[in-house]
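Notes to accompany the following structure.
Every chain is numbered from 1, with letters handed out A, B, ... down the list of sequences.
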Amino acid sequence: MSDTVRTRFAPSPTGYPHVGNIRSALFAWLFARHHNGVFILRVEDTDVERSVEGSLEYILEGLRWLGMDWDEGPGVGGNYGPYVQSQRLHLYQDAARRLVESGHAYYCYCSPERLEALRAEQIKRKMPPGYDRHCRNLTDEQRKAKEAEGITPVVRFKTPLAGKTRFHDEIWGDVVFENSHIEDLVLLKSDGYPTYHLANVVDDHAMEISHVLRAEEYISSAPLHLMTYEALGYTPPKFAHLPMVLGHDRSKLSKRHGATSVLEFREQGYLPEAMLNFLALLGWSLDDKTDVITRDELIKNFSLERVSKTAAIFNHEKLKWMNGVYIRKLTPEAFAQMCVPFLEGAFHENIPSMDYVLEVLPLVQERAKLLTEVPELTHYFFSDQLNYDAKLLISKDMTAESTRKALAVAKERLEKLPGFDAQTLEAMLRPLAEELKLKTGQLFGALRTAVSGETATPPLFQMMAVLGRERCLIRIQEAIDKLAAL
RNA sequence: GCCCCCAUCGUCUAGAGGCCUAGGACAGUAGCCUUUCAAGCUACCGACAUGGAUUCGAAUUCCAUUGGGGGCACCA
């Protein structure tokens, strides 16, 4: 075995992966990239019942979106394939047979009903639930009798009844488990599929995985895995159990916590760079001050020593802030490109041209935290239906009448203005406020609402320049009419 | 119920015995800038869970308590 770092992300296609899974994948990916190693994607489709159509493609798309490329696995191949566990069943079956033959495992004929009843009884009597090792010492005759009944057995690991299993975790340090607390877990199911425990050990060994990075929830099954490696005569990889990612109520992430799958974040208008940056900081830190960090810096600096042991709560607010940071860093062209799908979704054929879009978007780039906010921030550039309350036209210390008069004068001057660029507009409008004995805010506020229907917009002159003279004049006239009707 | 683990501002975290009257960031509050909204800048608010022990000295070590999390499937 070489000392190349080989890590893997091994999702099971049973639904959409939440951000906690992806964070684990990210750490495995960063670790591999940092060490110029190999990142492997392996599909753990051993649960036929819970398999969900399309979820694998969804997972792959999520990884691609974040730019987490894999060197071996679905779509790219590799020398250790196939990378889909349902295509490697014979390997697990061979391993299970070897374990039985060497006395490390045994056939169990207990029915699911018996196991369920057993568990219910244990819970009722406040006993720790677990298999009672009923089939552990079956005689050959007893086994033959069960076989004759036509029962297909499962294979269970024969856990030592005493002693301790210890291992070194790269993050948690030395971990020790009492063997007596570990059950005789099923390695091979009666349908011929392996459980996670067996499949993991067999594949991580076969694929020469050097470091297993996975979530903390697996730490208690690590001893079983260690014993299985040993029973099979394999050298175990290094383990690094990652802290959990929790929802705002400190419980495991689930649907109630709002968006939890990566692609949902894409739909909500998050940028992959922001997402990656944010996820990396969930359980890892560079130093005492760095928040915004590029992908390359992440790769360059990632290390297991700086992974924390404490579970992290997913903080949407900070993600949103970070997304704003990344949006502002985009070039105007890149920003426009990212916004187009969202604009098309909202305005369809009302988008006159890309040139126009490129004039509009710089006005809101530093105001948007999410790409999904862009349509609402720019609607008046694309639609002439403003639908606002006429009262919004009236600035502080003004009346409908004074506002109407001010707008009428402004309209008159705008009609005659030689140009309609921001500078020309400002040069005319500022003195006009003074002339009308109004504060700039009063006049500008009325104009702002008149041309946009909003009270919060980008700077007035720039906005008007992009809207164009004709549109502004029509809208100001509409505002005057609205005021007259009050 | 049993086993394992964790514990610094509301949240993400820095901190590996004296650099800590605990640093940064998000959020919140106030102000500056300003035609509004953002952005930016400034300030404020705000934490070492509790109790013991070790030590000249503890957020940092040890023990207990409390709190939280994870696991205890023919799921992964």
Side-chain angles (χ1 to χ4, degrees), chain A residues 10-12 14 21 44-47 49-50 108 110-112 115-116 119 122-131 152-156 172 175-178 180-183 185-191 193-197 199-200 214-223 241 243-244 246 248 250-252 278 281-292 305-306 308-322 324-325 328 364-369 377 395 426 429-430 433 439-449 452 454-461 463:
Chain A
S12 63
T14 53
N21 298 138
E44 309 220 326
D45 57 344
T46 56
D47 189 343
E49 299 238 321
R50 294 199 314 157
C108 167
C110 293
S111 68
L115 296 175
E116 205 174 307
R119 200 167 298 126
Q122 286 163 331
I123 289 168
K124 199 174 127 199
R125 293 166 57 184
K126 295 200 190 285
M127 304 268 292
Y131 181 56
T152 313
V154 300
V155 174
R156 284 184 184 274
W172 302 76
V175 182
V176 184
F177 280 86
E178 208 73 51
S180 59
H181 294 304
I182 303 168
E183 281 196 70
L185 284 160
V186 173
L187 298 178
L188 195 71
K189 309 180 216 177
S190 57
D191 63 1
Y193 277 74
T195 59
Y196 164 77
H197 306 294
N200 249 262
R214 56 171 24 167
E216 184 198 334
E217 57 188 309
Y218 296 105
I219 200 165
S220 50
S221 45
H241 289 90
M244 304 283 294
L246 308 173
H248 53 76
R250 298 195 161 275
S251 68
K252 251 177 133 174
F278 179 75
L281 261 22
L282 242 37
W284 178 86
S285 62
L286 174 62
D287 53 31
D288 60 343
K289 52 178 78 66
T290 308
D291 282 302
V292 179
E305 286 93 78
R306 294 199 65 85
S308 115
K309 286 201 262 269
T310 325
I313 291 172
F314 193 91
N315 184 192
H316 284 257
E317 282 302 322
K318 189 157 183 176
L319 204 213
K320 209 168 158 181
W321 163 78
M322 191 167 274
V325 171
R328 276 174 251 132
V364 297
Q365 185 164 356
E366 71 171 24
R367 292 171 171 74
K369 286 202 167 66
L377 248 23
S395 300
E426 179 160 16
L429 258 12
R430 264 189 205 283
K439 287 180 183 158
T440 50
Q442 292 177 309
L443 206 221
F444 297 174
L447 281 169
R448 176 190 324 283
T449 304
S452 71
E454 299 288 338
T455 53
T457 72
L460 180 65
F461 315 122
M463 175 171 66

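- The backbone N or O of A:Leu286 lies less than 3.5 Å from no partner atom in the side chain of A:Thr290, so there is not a single donor-acceptor pair.
- Residues satisfying the salt bridge (charged side-chain N to carboxylate O under 4.0 Å, His left out) criterion with A:Glu178, sequence neighbours excluded, are A:Lys164.
- Legend: residues meeting salt bridge (charged side-chain N to carboxylate O under 4.0 Å, His left out) with A:Glu426, ordered by chain and number and at least two apart, are A:Arg430.
- Nucleotide B:U8 holds its C1' atom 14 Å from the CG atom of A:Asp288, rounded to whole Å.
- Remark: the separation of the P atoms in B:A39 and B:A59 is 37 Å, to the nearest Å.
- The C1' atoms of B:A22 and B:U60 are separated by 11 Å, rounded to the nearest whole Å.
- Nucleotide B:U36 holds its C1' atom 11 Å from the CZ atom of A:Phe461, rounded to whole Å.
- For A:Lys309, there are no salt bridge (charged side-chain N to carboxylate O under 4.0 Å, His left out) partners, not counting sequence neighbours.
- Listed by chain and residue number, nothing satisfies the salt bridge (charged side-chain N to carboxylate O under 4.0 Å, His left out) test with A:Arg306 (two or more places apart in sequence, or in another chain).
- The environment of CZ in A:Arg250 is sparse: at most 12 heavy-atom neighbours from other residues, nucleotides or ligands sit within 6.0 Å.
- Within the 4.0 angstrom heavy-atom criterion, base atoms lie near A:Thr455.
- Among the heavy atoms of the strands lying under 4.0 Å from A:Gly283 are primed sugar atoms or P, OP1, OP2 only; no base atom is included.
- B:C19 is unpaired under the criterion used here, namely a Watson-Crick or G-U wobble arrangement in which both key atom distances are under 3.5 Å.
- Taking every side-chain heavy atom of A:Asp291 into account, B:G24 is the closest of B:A14, B:U35, B:G24.
- Across every strand in view, B:G1 sits in a pair with B:C72 that passes the Watson-Crick or G-U test at under 3.5 angstrom.
- The same atom, C1', is picked in B:G17 and in B:C48; the two are 15 Å apart, to the nearest Å.
- The distance from atom CD of A:Gln365 to atom C1' of B:C37 is 16 Å, rounded to the nearest whole Å.
- Put simply, CZ on A:Phe314 is 16 Å from P on B:U11, counting in whole angstrom units.
- Look at B:A7: its Watson-Crick or wobble partner, with both distances under 3.5 angstrom, is B:U66.
- Within the shown strands, B:C41 is the pairing partner of B:G31 under the Watson-Crick or G-U definition, both distances less than 3.5 Å.
- For the C1' atom pair drawn from B:C2 and B:C19, the interatomic distance equals 46 Å after rounding to whole Å.
- The partner of B:A53, taking Watson-Crick or G-U wobble pairs whose two distances both stay under 3.5 Å, is B:U61.
- No side-chain donor-acceptor contact under 3.5 Å links A:Lys320 to the backbone of A:Asn315.
- The residue A:Arg214 sits apart from the nucleic acid: no heavy atom pair falls under 4.0 Å.
- Note: NZ (A:Lys320) to C1' (B:C12) measures 18 Å, nearest angstrom.
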Steps toward side-chain contact (heavy atoms from CB on, under 4.5 Å) verdict (A:Asn200, A:Glu44): CA-CA 9 Å; A:Asn200 249 262; A:Glu44 309 220 326; 3.2 Å; yes
- request: Do nucleotides 69-76 of chain B as a string where each nucleotide becomes B, S or -: B if the base has a protein heavy atom under 4.0 Å, S if just the sugar-phosphate does, - if no protein is that close.
  value: SSSSSBBB
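- Heavy atoms of A:Pro243 sit nowhere under 4.0 angstrom from any nucleic acid atom.
- At a threshold of 4.0 Å, the pair A:Lys252-A:Glu217 counts as salt-bridged, since one of the basic side-chain nitrogens sits closer than that to a carboxylate oxygen.
- Using a distance-only test at 3.5 Å, with no hydrogens or angles considered, no donor-acceptor pair links the side chain of A:Glu216 to the main chain of A:Pro243.
- Remark: the backbone N or O of A:Gly283 is not paired with any side-chain donor or acceptor of A:Ser308 at under 3.5 angstrom.
- To the nearest whole angstrom, the two C1' atoms, one in B:G10 and one in B:U29, are 14 Å apart.
- Base pairing of B:G46: no nucleotide in any strand meets the Watson-Crick or G-U wobble criterion (both distances under 3.5 Å).
- Between the P atoms of B:G69 and B:C37, the separation comes to 42 Å (whole Å).
- A:Leu188 contributes atom CG, which lies 11.0 Å from atom OG1 of A:Thr152 (distance to the nearest 0.5 angstrom).
- Between the CG atom of A:Leu286 and the C1' atom of B:G15 there is a distance of 15 Å, given to the nearest Å.
- Protein atom CZ of A:Phe177 is 12 Å distant from nucleotide atom P of B:C3, rounded to whole Å.
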Could you list, one pair per line, each protein nitrogen or oxygen that sits under 3.5 Å from a nitrogen or oxygen of nucleotides 26-28 of chain B, together with the distance?
| residue | atom | partner | partner atom | Å |
| --- | --- | --- | --- | --- |
| B:C26 | O2' | A:Lys318 | N | 3.4 |

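- Taking a pair to require two hydrogen-bonding distances under 3.5 Å in either a Watson-Crick or a G-U wobble arrangement, B:A14 remains unpaired.
- Nucleotides B:G15 and B:C74 place their P atoms 42 Å apart, quoted to the nearest Å.
- At a threshold of 4.0 angstrom between heavy atoms, the contacts of A:Phe278 with the nucleic acid are absent.
- Checking A:Ile313 against A:Thr440, the closest nucleotide of RNA chain B that is more toward the 5' end is the one next to A:Ile313.
- Nucleotides B:U21 and B:U35 place their P atoms 45 Å apart, quoted to the nearest Å.
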